Structures are given as C-alpha cells and as structure tokens.
Amino acid sequence: SPVTLSLFVLSVWPRVVSFMFDRRGIAVVPLSFIGRTSLIFALGECGDTQGAIAAAEEALEMSGRHPWLLAFLAAIYDQIGDLPGAKSLHDEAIARAAREYVQPVVLAVTAAASGKLDDAFAYCDIAIDERDPAVTTLFQPGFPFARRIRAHPRFAYLGTPLAAQTPLA
C-alpha cells in the first residue's frame with residue numbers, strides 16, 4: 001500500500017523523496033495516521049515547519065488529539081521558538097495524563113519542548129522504568145522530536161539504566 005511504502009521510503013531515503021509517497025498514501029487512505037505522521041516528519045525535516053504545523057494540526061483533529069501528535073507538534077513549535085504553543089500542548093498532555101494513560105515519552109518530549117528539561121528527564125526515567133516501547137525513539141538520531149533531549153549532557157547517562165535492565169521473560 002502507499003502508506004507502507006511511505007514508511008519504507010521515510011526510513012531509507014531522504015525525507016524529500018518521501019513526500020511523493022506520503023501525499024499519495026493520504027490521497028488513497030485519507031484517515032491514515034501513519035501516512036500523516038510520515039508527512040509531518042518529512043515536512044519538518046525539510047525545513048517546512050509551517051507545512052509540518054498545518055499537517056500536524058489536521059492530523060490532531062482527525063485522530064481525536066492523539067498524544068503522539070501533541071508531542072510532534074510541541075517539538076515543531078519548539079523548533080520555531082513558539083514556547084507558548086509548546087507549553088500549551090505540554091499542559092494538555094499533563095491534563096490528559098491525569099485522566100488516562102499517556103506514555104511518559106510523550107510527556108518527556110512535550111516537557112522538553114516547553115523548556116522544562118528537569119521534568120523531561122524525570123519522564124524519561126519513568127519511561128525506562130516502565131519499559132515504555134516508545135523510549136527507543138529517544139535514542140534514534142532520525143527521530144527529530146527528541147533533539148532537545150538528545151542535545152542535553154544528561155542524555156549520555158539516560159541509556160545506562162536501560163542497558164542494565166534484565167530483559168522480560
């Protein structure tokens with residue numbers, strides 16, 4: 001399918017090339033969460049932050065405000081220096097976490113984007129302790145929404161507990 005192809009292209013080829021597949025995938029499957037997420041990544045990586053924001057806002061509405069999209073949009077706002085925008089999305093993620101489960105990685109990314117790095121690293125520790133599957137994205141250089149976390153000196157120590165944990169049986 002175009003959406004599956006979009007994911008492959010996004011992981012292998014430069015982001016610019018993936019636009020063609022992202023847009024085709026969305027045309028074929030308009031409600032494709034993965035297709036829209038891929039497009040947000042591609043636009044953001046190519047420097048089209050306004051396009052990435054528009055795509056993320058549309059995907060947020062389409063998805064019922066999926067927490068991952070809160071994190072992606074907060075990081076894009078951080079990238080363009082819109083601290084109030086990033087903070088409002090972090091506040092939304094925190095309010096939502098009071099009512100339902102929100103992955104700690106989402107809270108870490110939104111906290112970092114809103115300039116709350118101590119909180120971000122506390123959420124990273126929780127993500128590692130809980131074995132949140134999304135914690136691996138923090139360690140992937142190609143994951144653009146964790147740049148602020150990876151750039152901090154404390155990031156070098158973040159992986160230590162994860163490496164020392166025994167695998168689940």
Side-chain angles (χ1 to χ4, degrees), residues 7 10-11 15 18 22 26 31-162 165:
L7 283 176
L10 185 60
S11 66
R15 305 265 193 247
S18 75
D22 297 333
I26 292 169
L31 297 178
S32 170
F33 181 81
I34 298 298
R36 289 178 182 277
T37 301
S38 177
L39 180 62
I40 295 163
F41 274 61
L43 290 167
E45 283 300 289
C46 292
D48 183 0
T49 52
Q50 292 307 313
I53 288 169
E57 287 173 347
E58 185 177 327
L60 258 175
E61 294 310 311
M62 177 210 77
S63 69
R65 303 195 66 79
H66 194 287
W68 292 357
L69 294 168
L70 293 176
F72 299 166
L73 186 55
I76 295 167
Y77 283 157
D78 177 37
Q79 185 180 342
I80 64 168
D82 182 356
L83 187 62
K87 186 179 179 323
S88 73
L89 291 168
H90 177 61
D91 292 344
E92 181 178 343
I94 291 293
R96 194 158 174 178
R99 296 185 319 271
E100 61 191 57
Y101 181 76
V102 174
Q103 287 176 286
V105 167
V106 168
L107 299 172
V109 170
T110 60
S114 61
K116 299 176 178 179
L117 284 168
D118 289 336
D119 291 350
F121 280 95
Y123 290 124
C124 287
D125 289 338
I126 292 168
I128 289 169
D129 290 344
E130 289 183 2
R131 294 187 171 133
D132 178 354
V135 78
T136 60
T137 60
L138 299 177
F139 297 94
Q140 296 171 3
F143 183 68
F145 305 117
R147 284 190 186 120
R148 186 182 282 268
I149 292 169
R150 278 198 308 275
H152 197 279
R154 282 189 283 183
F155 180 73
Y157 302 100
L158 190 59
T160 308
L162 186 61
Q165 289 180 5

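On a predicted model such as this, the values are computed, not experimentally measured, just so you know.
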Legend entry - Flag side-chain contact, heavy atom, 4.5 Å: Thr137 against Val109: no
Legend entry - Candidate pair Arg154 and Leu117, rule side-chain contact (heavy atoms from CB on, under 4.5 Å), full reasoning: CA-CA 10 Å; Arg154 282 189 283 183; Leu117 284 168; 4.0 Å; yes
Legend entry - Side-chain heavy atoms of Ile53 within contact of Glu57, under 4.5 Å: yes
Legend entry - Nearest non-hydrogen partners of Cys124 and Ala108, listed with the distance: SG-CB, 3.8 Å
Inset, instruction - Any chance you could measure Leu73, atom CG, to His66, atom NE2, to the nearest 0.5 Å? - result: 14.5 Å
Legend entry - Ala74 versus Ala113, closest heavy-atom pair with distance: O-CB, 3.3 Å
Legend entry - Heavy-atom check, side chain of Trp68 versus side chain of Thr37, under 4.5 Å: no
Legend entry - Nearest-0.5 Å distance, CD of residue Gln103 to CD1 of residue Ile126: 13.0 Å
Legend entry - Nearest atoms (heavy-atom pairs only) where Ala86 meets Tyr77: N-CD1, 3.7 Å
Inset, instruction - Please name the pair of heavy atoms, one in Ala111 and one in His90, separated by the smallest distance, quoted to 0.1 Å. - result: N-ND1, 3.3 Å
Legend entry - Student check: side-chain heavy atoms of Val102 and Leu70 closer than 4.5 Å: no
Inset, instruction - Could you grab the distance from atom CD of Glu58 to atom CG of Leu39, nearest 0.5 Å is fine? - result: 9.0 Å
Inset, instruction - Starting at CD1 of Ile40, measure out to CD1 of Ile76 and round the result to the nearest 0.5 Å. - result: 6.5 Å
Inset, instruction - Using the six-membered ring wherever Trp is involved, compare the ring planes of Phe72 and Phe145 and label them parallel, tilted or perpendicular (cut-offs 30° and 60°). - result: parallel
Inset, instruction - Nearest 0.5 Å please: distance from the CG atom of Asp119 over to the OG1 atom of Thr110. - result: 9.5 Å
Inset, instruction - Taking all non-hydrogen atoms of both residues into account, name the closest pair between Pro104 and Asp132 and its distance. - result: CD-OD2, 3.2 Å
Inset, instruction - Look up atom CE in Met62 and atom CG in Leu60, then write down how far apart they are to the nearest 0.5 Å. - result: 9.5 Å
Inset, instruction - Scan residues 77-94 for pairs that pass salt bridge (charged side-chain N to carboxylate O under 4.0 Å, His left out), counting only residues two or more places apart or in two chains. - result: Arg65-Glu92, Asp78-Arg148, Lys87-Asp91
Legend entry - Close aromatic pair by centroid cut-off 6.0 Å: Phe155 and Phe121: no
